Number of protein chains: 2
Amino acid sequence: MAIDPTDPRSPSRQIADELREEITSGRLAPGDALPSEKMLVGRFGTAPATARQAVRLLKEEGLVVAERGKGVYVKRQPPTIRLGSHRFSRQTRAEGKSAFEAEIERQGLEWGQEVLELAEVPAPEWVAEWLGVDAGATVFVRRRRNLVGDTPTQLADSYYRLDTVEDTAIRTPDTGPGGSYARLEEKGLTLERFREEIRIRMPTPTEVQGLRLTPGTPVAELRRIAFGASGPLEVLESVVSGDSHVFCYEFAAPE
Amino acid sequence: MAIDPTDPRSPSRQIADELREEITSGRLAPGDALPSEKMLVGRFGTAPATARQAVRLLKEEGLVVAERGKGVYVKRQPPTIRLGSHRFSRQTRAEGKSAFEAEIERQGLEWGQEVLELAEVPAPEWVAEWLGVDAGATVFVRRRRNLVGDTPTQLADSYYRLDTVEDTAIRTPDTGPGGSYARLEEKGLTLERFREEIRIRMPTPTEVQGLRLTPGTPVAELRRIAFGASGPLEVLESVVSGDSHVFCYEFAAPE
DNA sequence: AAGTGGTCTAGACCACGAT
DNA sequence: TCGTGGTCTAGACCACTTC
């Protein structure tokens, strides 16, 4: 139970491994408090900073989360949001629901959205390339934050060519029933296929704040391009917290 | 350039933000060395541990990587491996290439694979469910590690029902040309569709070692089920390093 | 030998939560 | 008020790399 000086692992590693074992074995369940720093010092006989280092390792692994003035707790699993290709069903749009909304309600969760910015901006390089416009051309961007319950789970920026969204509710805070895709189809711009790319990384400090992420939570960066008959209609970049999302895809075996 | 005591950010945050700005602005390019701990102490006038704390924040963000006895360097972008639905083309199998192999060679990279274990094991719960066998039933598992160049990038465990792989090279170290999917099709088990789920998390210490991950690198956990006409043929669980992979999917707009 | 990061000791003060 | 974690000071020793 104490530190073994002959062990090749450093003391902080030994403490971290011991606590991790208690977590994975279930002796410490999600929501349970870890021993406080002082208790670890007493139990293992190290300096406070060494006990802290051990707890920090577990935080970096995303196993535990500290709450200021209270203690360090084994992370609870947040409700999982499944993001799948069935999001883009025309049928759900007909029912007046957006892709995100449909996905959340299908799972019986509450839903919310904040519009952060509506603006005309110079297109970032990759957006210009995907939208098929000149580098630096002006495009319309819709930045928003999606909420499940009262916790933000997704930052999403949609980019459009100016002529695509001309005279549509996509340029206004409320896009109306069925969301922006419904507005595009009303204009005769039928969505035919999608391409998505998912990258994985640690969040920037801005994203940590915007998504209220706890340390040790990675994010997925999703880029989507929605194609109509005549070319790309929307390019989306979205950052979602990794601990509450699963991406699901189904596809037939190609030739 | 020094610490501002009136700044609400803690000194280590101020140093980290300053260094991050130098990285994102390009003044410190990928591969460049950060100022050493002692230089940071001289420049900002803090205790060594405070400078260390700043560097640790950047490591947790995955922006920098420390090399023992040398210094701390801005991370280089490793070559990106695109994992897309076109991996499973029957045509590439006909050319004698496995899904992974095809993907790598398409990008002009070198390829390797180590078989870690071939065994009959009791099915983990989710595998039993996906394969459609009883919980705890015996299944065949093929554990392997994929390499690009000499760096491991992917740990992959494939599970099969015993009757599926009976009398096939899938039970042997070398599955032969076209990989295991080619062997299944030779048996008349045609692959018809796939379902994939991607989760994002921080790696376990075992995975850090197995994939030679640097601190601050998240991983993706990919679960795939391959369906034949008569039901599931293979269930795969794969862990891939987040900093060298992009997942790509294309799909038509569903009804 | 000199420089680097990794870890540790042994304290200190602060902000915050619970009582 | 007391216990908690968050941050800091001011050193120390070690393992490793480079010269």
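Order of the sequence lines sets the chain letters (A, B, ...), proteins ahead of strands, with each chain counted from 1. Worth knowing before you read on, the calculation uses all heavy atoms, side chains too, and leaves out hydrogens, waters and symmetry mates. A quick note: this is a predicted structure, and the numbers were derived from the prediction, not measured.
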Calculate the interatomic distance between [X] atom [atom1] and [N] atom [atom2]; express it in whole Å.
| X | N | atom1 | atom2 | value |
| --- | --- | --- | --- | --- |
| B:L40 | C:dG6 | CG | P | 13 Å |
| B:R9 | C:dC14 | CZ | C1' | 19 Å |
| A:K38 | D:dG3 | NZ | P | 7 Å |
| A:M39 | D:dC2 | CE | C1' | 16 Å |

Legend entry - Greater than 12 external heavy atoms within 6.0 Å of A:E120's CD: yes
Inset, instruction - Go along nucleotides 7-13 of chain D 5' to 3' and tag each nucleotide: B for a protein heavy atom under 4.0 Å from its base, S when only backbone or sugar atoms are that close, - otherwise. - result: BSB----
Legend entry - Contact pattern, 5' to 3', of nucleotides 14-19 of chain D - B, S or - by protein heavy atom under 4.0 Å: -SBSS-
Specify the closest pair of heavy atoms between [X] and [Y], including all atoms of both residues, with the distance to one decimal.
| X | Y | answer |
| --- | --- | --- |
| A:T204 | A:R201 | N-NH1, 4.2 Å |
| B:V240 | B:L211 | C-CD1, 4.3 Å |
| A:S241 | A:L213 | CB-CD2, 3.3 Å |
| A:A51 | A:T46 | N-OG1, 3.9 Å |

Legend entry - Parallel, tilted or perpendicular: rings of B:W126 and B:W130 (30°, 60°): perpendicular
Inset, instruction - State whether a side-chain donor-acceptor pair under 3.5 Å links B:S158 with B:R144. - result: yes
Inset, instruction - Name the nucleic acid region contacted by B:V55, choosing base, sugar-phosphate or nothing; use a 4.0 angstrom heavy-atom cut-off, strictly under. - result: nothing
Inset, instruction - Tell me whether the OP1 or OP2 atom of D:dG3 has a side-chain N or O from A:S36 closer than 4.0 Å. - result: no
Inset, instruction - Check whether any side-chain N or O of B:K59 sits under 4.0 Å from OP1 or OP2 of C:dG6, and answer yes or no. - result: yes
Atom pairs and distances, donor-acceptor, side-chain atoms in residues 69-80 of chain A, under 3.5 Å, two or more places apart:
residue, atom, partner, partner atom, Å
A:K70, NZ, A:E67, OE1, 3.1
A:K75, NZ, A:T214, OG1, 3.2
A:K75, NZ, A:T217, OG1, 3.1

